[in-house]
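Read through the structure below, which is laid out as structure tokens, and then see the notes.
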Amino acid sequence: MIFYTYDYLHTSQNTWQYARIVITCVLVLAFLLFLIQYWRHRFDIKYKVSRAV
């Protein structure tokens, strides 16, 4: 059985916490970039159907 010290558990938990923050920030930035691209090209439709009243 392996016993870990308090310092080891504390530092490994902090390391994972920083990695999780970085991964979350990268995913949020990617989502924002895709959302901006969607909003910019929302009305660029090649075959637009015009509905005459």
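Along the sequence shown, residues carry numbers from 1. These numbers come from the heavy atoms of this one structure, side chains and all, not from hydrogens, waters or symmetry mates.
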Look up atom CG in L33 and atom CD in Q37, then write down how far apart they are to the nearest 0.5 Å. 7.5 Å
Taking atom CZ of R42 as the centre, does the number of heavy atoms from other residues, nucleotides or ligands within less than 6.0 Å exceed 12? yes
Taking the hydrophobic residues Ile, Leu, Val, Met, Phe, Trp and Tyr, and joining any pair whose side-chain heavy atoms are under 4.5 Å apart, which ones share a cluster with L27? I23
In the hydrophobic clustering (ILVMFWY, side-chain contacts below 4.5 Å, transitive), which residues join L35, or is it alone? F31, Y38, W39
